[in-house]
Peer 1: 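Below are the structure tokens for one structure; questions will follow.
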Amino acid sequence: MSVAPDALDPYALTREGLVDLAVELEEPAYRAEQIHGWLVRGVDDPNEMTNLPRSLRAILSERFAPTRPELVAHRVGDDGHTHKLLLRFPDGEAIETVLMLYPKRATVCISTQAGCALGCPFCATGQAGFRRQLTAGEVVRQVVVADAALRSGAIADEELPDGAPDHVTNVVYMGMGEPLANLPATLASVRWLHDPDGFGLSARSITVSTVGLVPGIRKLAELGLPVTLAVSLHAATDDLRDELVPINVTHPLAELEQAVRDYRRTTNRRVSIEWCLIGEVNDDERQADALSAIARRLRAHVNVIPMNPTPGVRWKEPSRERTRAFVDRVRDRGVEITLRDTRGRDADAACGQLLASYTVGAGTRLPAAVGAARRVDELATADRGAAQAGEVSS
Ligand code: SF4
């Protein structure tokens, strides 16, 4: 299905934007509140907004872009604790959303881009390249789909595992793509998810991750909501980080550390450092010591996630011994550190992996890493220009 070029994404509008729309359509201002009331409940099809007049529903149906995705694959792992959803939007683009169930917590891991241009070489999404930005509505919709599946019982035939709640309690922006490279959709969706009249998630139950887009971190701080910032560090020296996280060439560690320190000061919110532990790449003593120093200076909690081996990626998961030694060494240096389970390993839950196996299964070849390297150069150039102009490219 093609989407009209002037179609509106209602989730990209603020409350004021909805009022402007009502005025433009010569409707009373309270229509904006009615539309808002539906949107925060996850209803974006005007035909389902039953308290609007039929004529207005028809007009809005033409103006609003369809963002409701179709569920094309659902894989269950970890004895029902992990649900990986492959969602396809009306233009045919597919993305991944993961629902993780814990006692009293249901966390959705959402995507902000179809693919990713940052080309981290250990990441399946990075290897598949960038296709397009998601709209705010497409980001919000992932939470709506997961929440509806939980509430309706579609996720579990019988009882939910471990006393998990029947609704979404936490959202993490850690799926496909770099959230701060799609800043408008990320900020707009955070506002919707936090809206006390609607989804009502506390800022603290929303986590936005980044590999280190410094201008985006500064914009996120300006949002004025203490959302948790998770910095995907993966390497604590510039020489290794330039290789593992190529955006580090543009925003090296010292600059990133300063931005994170400022974020912490502005929001009064603790940050976390994410560390994908890769066998014999970043699991040595030098990296453990450099990580400990950064984490101590930032008073950050460190989450270590052993790498999920993915098809087409040359690196491997760390041995148990090296994992244990790394975690112990960081902890011994006074840092709070958690070794995360590899949630979803049997549901292909590494970022981009379900889509990778889906496209490979459909006979589509993943682009070669050389394409990713070229895109990183282009993005680094664009990002440098945006930084000079005081804004983030998206
Ligand atoms: S790790 Fe994140 S930023 Fe890097 S390529 Fe993958 S999705 Fe993009």
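Excluded from the calculations below are hydrogen atoms, water molecules and symmetry mates; all remaining heavy atoms, backbone and side chain alike, are included. For ligands, and for the atoms within them, numbers begin at 1 and follow the listed sequence. Everything numeric in this text was worked out from a predicted model, so none of it was measured.
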Peer 1: If the cut-off is 4.0 Å to any non-hydrogen atom of Gly119, which atoms of ligand 1 fall inside it?
Peer 2: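 By the 4.0 Å cutoff, the relevant atoms are 5 (S).
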Peer 1: Under 3.5 Å, is there a donor-acceptor pair linking the side chains of Asn303 and Arg340?
Peer 2: yes
Peer 1: Does either side chain, that of Glu178 or that of Thr210, offer a donor lying less than 3.5 Å from an acceptor on the other one?
Peer 2: yes
Peer 1: Enumerate the atoms of ligand 1 whose separation from the nearest heavy atom of Val211 is less than 4.0 angstrom.
Peer 2: 3 (S)
Peer 1: At less than 2.8 Å, would any N/O/S atom of Cys116, backbone or side chain, sit next to atom 8 (Fe) of ligand 1?
Peer 2: yes
Peer 1: Using modelled atom types only, decide if a donor and an acceptor are shared between the side chain of Arg241 and the backbone of Pro252 within a distance under 3.5 Å.
Peer 2: no
Peer 1: Is the closest side-chain donor-acceptor distance between Gln258 and Asp262 under 3.5 Å?
Peer 2: yes
Peer 1: Under 2.8 Å from atom 6 (Fe) of ligand 1 - does any N, O or S atom of Cys123 fall there?
Peer 2: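 Coordinating: yes.
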Peer 1: Taking the side chain from Asn282 and the backbone from Ile278, do they hold a donor-acceptor pair closer than 3.5 Å?
Peer 2: yes
Peer 1: Closest by any non-hydrogen atom to atom 5 (S) of ligand 1: pick that one out of Gly115, Cys276, Ala117, Cys120.
Peer 2: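 Heavy atom nearest to atom 5 (S) of ligand 1 belongs to Cys120.
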Peer 1: Please could you name the atoms of ligand 1 that Leu118 approaches to less than 4.0 Å, counting only its heavy atoms?
Peer 2: 3 (S)
